[in-house]
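Below is one structure; the comments refer to it alone.
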Amino acid sequence: WSWAAQSALAEAEVEYEDKVSPSIYVAFKLKDSDKSIIIWTTTPWTLPANTGISLHPKEKYVLTTDGYIVAKALYESLLELGVVKGEISKEIEPKSFENQVAINPLNGRKSKVVLGDHVLMDSGTGGVHTAPGHGEDDYKVALKYNLDIIMPVDDTGKYDENIVKLNLLPNAKEYVGVHVFKANDIIIKLLGDSLLLQEDITHSYPFCWRTHKPVIFRA
């Protein structure tokens with residue numbers, strides 16, 4: 001969706017350019033547990049619409065001594081970054097987490113743990129923040145697991161009344177009408193202690209060919 005042109009775009013109308021985005025690592029605590037799955041995202045503004053965490057069904061996961069669950073293949077890189085500080089205490093099959101519930105630290109809403117082949121092991125944590133209203137892979141996995149599809153963003157790329165109705169943010173009324181790219185910093189502050197690391201990254205991102213503004217994804 002091009003919020004600048006207020007239009008849906010075909011694949012051929014999308015151009016890729018470099019964009020600086022905030023890269024964040026966030027702990028989602030498993031319900032009734034002291035353990036947390038760590039997610040990684042470069043779109044903090046989509047976190048209010050999170051309804052799931054996707055793990056890869058065929059990868060091994062590990063629990064660290066400081067209580068975090070990440071993909072075994074990414075553990076060393078996360079240790080280097082300082083996202084996790086503990087040693088590996090045990091290996092875990094992802095299947096054992098399927099349909100468990102984690103809690104979104106932003107709004108206290110439930111986030112169901114699901115399995116999906118779209119989870120990559122080249123970056124991140126192996127736990128993919130899943131907001132079905134804001135991503136194609138997320139949408140497909142949501143249909144399979146019957147996750148809620150929340151999309152609280154209007155045609156102009158601003159949060160709409162759904163963030164109030166669904167209680168997606170603390171003091172949600174304050175954020176109605178805030179553009180999603182301006183909301184990134186707000187979301188990062190609201191995460192508090194559950195934010196484990198934030199850094200800016202430059203990556204290839206889809207832009208609208210007509211307005212030359214970055215696009216967003218809306219279901």
*asked:* For Trp40 and Tyr25, take the angle between the two ring planes, folded into 0 to 90°, and tell me which bin it lands in: parallel under 30, tilted 30 to 60, perpendicular over 60.
replied: tilted
*Is the Tyr205 ring parallel, tilted or perpendicular to the Phe207 ring (thresholds 30°, 60°)?*
perpendicular
*Can you tell which of Lys144, Glu59, His56, Glu98 makes a side-chain contact (heavy atoms from CB on, under 4.5 Å) with Leu115?*
Glu98
*Looking only at non-hydrogen atoms, find the nearest pair between Pro132 and Ala219 and report the distance.*
O-CB, 3.8 Å
Does the [X] side chain pair with the main chain of [Y], one donor and one acceptor, at a distance under 3.5 Å?
{"X": "Asn104", "Y": "Arg109", "result": "no"}
{"X": "Thr43", "Y": "Thr46", "result": "no"}
{"X": "Arg218", "Y": "Val153", "result": "yes"}
{"X": "Asp148", "Y": "Ile150", "result": "no"}

*Any residue meeting side-chain hydrogen bond (donor to acceptor under 3.5 Å, both in side chains) with Asp66, in chain and number order, not counting sequence neighbours*: Thr64
*Could you point out which residue of Trp45, Phe217, Trp1 forms a ring pair (Phe, Tyr, Trp, His ring centres under 6.0 Å) with His134?*
Trp45
*Is it the case that one hydrophobic cluster holds both Ile88 and Met121, taking links as side-chain heavy atoms less than 4.5 Å apart, direct or via other members?*
yes
*Just by distance, with hydrogens left out, do Ser111 and Asn50 show a side-chain donor and acceptor under 3.5 Å apart?*
yes
*Does atom CD of Glu87 have more than 12 heavy-atom neighbours from other groups under 6.0 Å away?*
no
_Within the supplied structure, the quantity of interest is the number of heavy atoms (other residues, nucleotides, ligands) at a distance under 6.0 Å from Lys19 NZ; does it exceed 12?_
yes
Mind checking the [atom1]-[atom2] spacing from [X] to [Y]? Nearest 0.5 Å is all I need.
{"X": "Leu47", "Y": "Ile187", "atom1": "CG", "atom2": "CD1", "value": "6.5 Å"}
{"X": "Ile92", "Y": "Leu63", "atom1": "CD1", "atom2": "CG", "value": "5.0 Å"}
{"X": "Asp138", "Y": "His129", "atom1": "CG", "atom2": "NE2", "value": "7.0 Å"}

*asked:* Any heavy-atom pair between the side chains of Phe181 and Ile216 that's under 4.5 Å?
replied: yes
